[in-house]
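Input: a single structure, listed below in structure tokens.
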Amino acid sequence: MKKLKHLFCIGLILLCLACASDPQKGMEKKIIGEWCNPYTYESTGELKGFHFKKGGVCEAINIPSLDLKTWSIQEGYLLIKGFSLEEDGKKEVYETKEKIDLLNADTLCVVAHEANPRLVFLYLNAKIIKERVRVDTMSHE
């Protein structure tokens, strides 16, 4: 019986290690969904952000100047590709590559690594943003 328990524990540990050994797959599963900027929502009541879909498809949420196409995660970096729509109707290539600093069920935070790292954006999952962020009604008057 002790051997059986011991083998079970070893099997469980190996299973946990196998799951933890591919953090990229875990990140890809967590990022699927709609992510909105809490500061924009707080000041305007508008949900603006990104919709990351299965299969690497990406769309902008309420950002008409972006025609996004794809997303991927590579070595801890979030890559988004598409087009930026200029006022004169021209399309410019849009590509970003930011380091994922925090990604969980509620929060996505990416950092651009330049001379000094700076926060590029903080987004909350659209499912919880209305619960966590209050719209500033004073700025609408």
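With a 6.0 Å radius and a threshold of 12 heavy atoms from other residues, nucleotides or ligands, E75 has its CD atom at or below the threshold.
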Note to self: Walk me through whether R134 and E42 qualify under side chain to side chain contact (heavy atoms under 4.5 Å, CB included).
What the structure shows: CA-CA 6 Å; R134 198 177 74 134; E42 180 182 44; over 6 Å; no
Next item on the list: Could you check L79 against S72 for side chain to side chain contact (heavy atoms under 4.5 Å, CB included), going step by step and ending with a plain yes or no?
Entry: CA-CA 5 Å; L79 287 76; S72 64; 3.7 Å; yes
Just distance, no hydrogens or angles: give the donor-acceptor pairs under 3.5 Å from side chains in residues 30-38, sequence neighbours left out.
| unit_1 | atom_1 | unit_2 | atom_2 | d |
| --- | --- | --- | --- | --- |
| W35 | NE1 | I31 | O | 2.8 |
| N37 | OD1 | Y39 | N | 2.7 |
| N37 | OD1 | T40 | N | 3.0 |

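Cluster membership check: L78 does not share its hydrophobic cluster with F83, using side-chain heavy-atom separations under 4.5 Å among Ile, Leu, Val, Met, Phe, Trp and Tyr. Under the 4.5 Å side-chain contact rule for hydrophobic residues, L103 and F121 share a cluster. F50 and L85 fall into different hydrophobic clusters, where Ile, Leu, Val, Met, Phe, Trp and Tyr side chains are chained together by heavy-atom contacts under 4.5 Å. Note on V133 and I61: separate hydrophobic clusters, where clusters join Ile, Leu, Val, Met, Phe, Trp and Tyr whose side-chain heavy atoms are under 4.5 Å apart, directly or indirectly. Under the 4.5 Å side-chain heavy-atom criterion for grouping Ile, Leu, Val, Met, Phe, Trp and Tyr, L124 is connected to V135 within one hydrophobic cluster.
Shown here for T96 and E98, the closest heavy-atom pair between the two residues is CB-OE2, 3.3 Å. Closest non-hydrogen pair, G49 versus Y123, comes out as CA-CE2, 3.2 Å. Minimum heavy-atom separation, Y94 to S84: CB-N, 3.8 Å.
Looking only at distances, a side-chain donor or acceptor of N104 sits under 3.5 Å from a matching main-chain atom of T107.
For the atom pair E95 CD and K69 NZ, the distance stands at 14.0 Å (nearest 0.5 Å).
Here side-chain hydrogen bond (donor to acceptor under 3.5 Å, both in side chains) pairs that include residues 48-64, with residues two or more places apart or in two chains, are K53-E59.
Side-chain contact check for L68 versus I80: some heavy-atom pair is nearer than 4.5 Å. Looking at V110 and L108, their side chains come closer than 4.5 Å, going by heavy atoms from C-beta outward. Side-chain contact between C58 and T70 is absent, with no heavy atoms from C-beta onward closer than 4.5 Å.
Judged as a side-chain contact (heavy atoms from CB on, under 4.5 Å), and not counting sequence neighbours, the contacts of E28 are Q24, K25, W71, I73.
Salt-bridge annotation for R132 and D106: present, with a side-chain N of the basic residue lying under 4.0 Å from a carboxylate O of the acidic one. With salt bridges taken as basic N to acidic carboxylate O contacts below 4.0 Å, none links K99 and D101.
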